[in-house]
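Below is one structure; the comments refer to it alone.
We name chains A, B, ... by the order of the sequence lines, and we start the count at 1 in each one.
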Amino acid sequence: MKEEITRSNFIKTFIDEDLESGRFSKVHTRFPPEPSGYLHIGHAKAIVISYGIAEEYNGLYNLRFDDTNPLKEDKEYELGIIRDIKWLGFDWGDRLFYASDYFPILYDFAVELIKKGKAYVCDLSPEEMKIYRGTLTEPGKDSPYRNRTVSENMDLFERMKNGEFSEGSKVLRAKIDMASPNMNMRDPVMYRILFKEHHRCGKQWCIYPSYDFTHGQSDSIEGITHSLCDLSFENHRPLYDWFIEELGIFHSRQIEFSRLNLSHTVTSKRKLKELVENDIVKGWDDPRLPTLIGLRRRGVPPEAIKEFVGAIGTSKKEGVIDVETFDYYIRENLKLTSSHIMAVLDPVKLVINNYPEDKCEILNLENFPNLKDSETREVKFSRTLYVERDDVKEESDEKFFRLAPGNYVKLRKTYIVKCTAVEKDNSGRIDTVYCDLVPDSQKSMKIDSKKVNGIIHWVSANDSIDAEVRIYDKLFTKENPLDDKGADFKEFINSNSLSVYKNCKIENSVAKAKQEDRFQFERVGYFCVDMLDSVDGKLVFNKTLSLR
RNA sequence: AGGGGUAUAGCCAAGCGGUAAGGCAUCGGGUUUUGGUCUCGACAUGCGUAGGUUCGAAUCCUGCUACCCCUGCCA
């Protein structure tokens, strides 16, 4: 196994300082998804950072659903998120929380701020509020409702809660500073009226707290020491701190880092949704998508994702990681964990002229040829085999050292064979290749002291099973599909991102393979049994990656 | 009266005043019954830029430039 390289980063430096200064005596983090979509590789980075740091400091981590907007959220997403994080291998024990469970406390917090004169009910319409807010370069104006008395605000807020006012007619706002250069501090909305049933609270509430009024206090309630989030919340930190300080509650520390951008794909809920809804892919679990369920279905091991995230580091620089780097860590894992077999994707028949029709040899081949003392499996060899169409040519050339008339080729783990002829079908496609077997050449790599360069894989025709194999390529042809501002990102879709091979021939040792089992098809790539469409007797494989 | 961030190799990324770690990619050599694996080696006189401080600066100071984020009753 490989050693853990726990590189230093700015977050750990902060934590070390906090521990040393005594600001905190332990580390407790959280991952706070909104149940409004599926998790993708970008979320995996956030999870691995938050949870990984807690583990590293022997601390705890929570899973908390940030479910403050009933318009967007759904139980289905919640379940998907839980499934995906568990798949990654994290266990939050009994610390599964919901921001919606804090609605009563949050309501009390709001009342407290009203009493302190730090919050008020505002009747401005959304349009008016926008005007009053000012612009990036001009200060805003105070709302005409800003100076309502405490008792008036108390009364109004309670009546908002009781459903006496219509949606959008009133909000509760923090009274901070309409001239602040930070727009988030210009009297931000704390509560809005929404007559919408919540997927967990039902109709209990018709006012819902905003993200800003929820997140920090939720962190505080749970005793989160370090609240790690992405750069877009950096501008919210003053507000995060303001609420906590005005309320005088446990002060979590928010630290922001850059989110992950992967080349040749998109990681944005909205864009992923667009791909799904326009039928460009076949669902959130399409193996071409960077969603966790898509990656899982493609055969990417969760450990590879964690290793990858650990390897790319954590900083505040917004960059794009080349998928090649991700692929490297997937292969790094797969080459040690997936057993080897031989499989022919696009079969051509190979007949050995001088091998008896009724003869059959049994080979014991290693499942992990690169490991010492690998377990073995039985593979049969006979007169008629299948080989890969790519490994056969009508005429040879200098760079081609596989099957073509006159060429000697090594059949992996068995005889050397000399190609004598190829035969085509009516359409002109090569149909069958004929070879002479070189006797006693199982252990040899030479013919007349000349090295045989070509080694090809094969499957015995009578000892193989049929399978479907789905090959995936990059979903986008452009490194960053979003960096052309004049074009829609969907214009850069790779039209060849999926190809299906329906009559592949696979050695029958895998006939009993189960969903999600992973294999290396020697000389071809890494594959896994599809978790949805594969059934006993009709196996479907997804290509995870090619060999390099 | 705008504010908040970020700049170290093709892509990531350490470095925190003592003379540029590491990974991916790339390029060479060796091993190998997978054109794979493994292995050995090469790869920034240079840290956005211009000055300054210092015996010494990627690190400290000043000015400049580029890019990202912020004007939801989204998170």
Side-chain angles (χ1 to χ4, degrees), chain A residues 5 7-10 13 32-34 36-37 66-69 71-73 99 122 124-126 129-140 167-173 179-186 188-194 207-208 210-212 214-215 229-238 256 258 260 263 269 308 310-329 331-332 335-336 340 342 369-371 399-402 410-414 416 442-445 451-457 479 520-525 546-548:
Chain A
I5 301 160
R7 212 198 351 263
S8 137
N9 66 48
F10 76 102
T13 303
E34 184 191 20
S36 62
D66 224 332
D67 54 352
T68 59
N69 186 355
L71 264 21
K72 295 166 64 181
E73 296 148 11
C122 181
L124 252 26
S125 67
M129 223 167 121
K130 189 179 164 80
I131 294 165
Y132 274 81
R133 188 158 32 232
T135 70
L136 294 176
T137 52
E138 295 158 327
E167 248 178 49
S169 63
K170 283 181 168 49
V171 292
L172 181 72
R173 293 226 255 169
S180 171
N182 182 340
M183 302 297 278
N184 295 128
M185 301 298 271
R186 320 245 264 224
V189 169
M190 294 165 59
Y191 267 94
R192 72 275 207 186
I193 300 170
L194 241 35
I207 56 171
Y208 292 93
S210 63
Y211 164 84
D212 284 310
T214 306
H215 202 87
C229 60
D230 77 70
L231 255 26
S232 62
F233 294 101
E234 205 156 20
N235 294 327
H236 293 249
R237 183 158 22 99
E256 313 84 11
S258 61
L260 166 66
S263 74
K269 250 181 226 177
F308 164 67
I312 58 176
T314 309
S315 76
K316 297 187 73 153
K317 184 173 135 184
E318 301 182 79
V320 181
I321 310 284
D322 200 309
V323 268
E324 285 270 10
T325 304
F326 186 31
D327 291 349
Y328 171 84
Y329 286 95
R331 289 195 185 94
E332 195 72 357
K335 74 187 175 201
L336 295 173
H340 294 38
M342 290 198 282
N370 296 326
L371 300 180
K399 287 200 161 174
F400 185 76
F401 35 83
R402 284 162 281 158
K410 179 75 180 180
L411 293 177
R412 163 136 249 242
K413 295 292 180 183
T414 183
I416 292 173
Q442 293 98 319
K443 296 276 188 292
S444 168
M445 279 304 288
K451 190 165 189 223
V452 174
N453 280 317
I455 301 166
I456 65 168
H457 57 100
E479 183 176 317
Q520 176 185 142
F521 291 1
E522 290 199 325
R523 296 212 314 127
V524 183
S546 61
L547 263 19
R548 296 193 71 206

Is the shortest side-chain N/O distance from A:Tyr211 to OP1 or OP2 of B:rC74 below 4.0 Å? no
Does B:rC73 have its OP1 or OP2 closer than 4.0 Å to a side-chain nitrogen or oxygen of A:Lys170? no
Could you check whether A:His236 gets within reach of a base, just the sugar-phosphate, or nothing at all, counting any heavy atom under 4.0 Å? base
Interatomic distance, A:Glu167 CD vs B:rC74 P [rounded to whole Å]: 10 Å
Check the phosphate of B:rA75 against A:Lys72, side-chain N and O only, distance under 4.0 Å to OP1 or OP2. Yes or no? no
Under 4.0 Å from OP1 or OP2 of B:rA25: is there any side-chain N or O of A:Arg548 that close? yes
Give a yes/no answer on whether the side chain of A:Arg192 brings an N or O atom under 4.0 Å of OP1 or OP2 in B:rC74. yes
Whether the A:Asp230 and A:Ser232 side chains hold a donor-acceptor pair (N or O, under 3.5 Å, no angle test) is what I'd like checked. yes
Can you label the angle between the A:Phe308 ring and the A:Phe326 ring as parallel, tilted or perpendicular, going by 30° and 60°? tilted
Determine the Euclidean distance between corresponding C1' atoms of B:rA21 and B:rC16; express it in Å to zero decimal places. 15 Å
Can you check whether A:Ser8 has a side-chain N or O nearer than 4.0 Å to OP1 or OP2 of B:rG15? yes
Nearest-Å distance for atom pair CE/P, residues A:Met183 and B:rC73: 10 Å
For the pair made of CD1 in A:Ile321 and P in B:rA9, what is the distance, rounded to whole Å? 14 Å
Any side-chain N or O of A:Thr325 under 4.0 Å from OP1/OP2 of B:rA25? no
Taking B:rG35, B:rA75, B:rU34 as options, the one with an atom nearest any side-chain atom of A:His340 is B:rU34
Between C1' on B:rC70 and CG on A:Asp230, what's the gap in Å once rounded to a whole number? 13 Å
Measure the distance from CD on A:Glu318 to C1' on B:rC67 and round it to the nearest whole Å. 9 Å
Whole angstrom is fine here: how far is it from CZ in A:Arg412 over to P in B:rG36? 13 Å
Please give, in whole Å, the distance from B:rG36 C1' to A:Glu332 CD? 13 Å
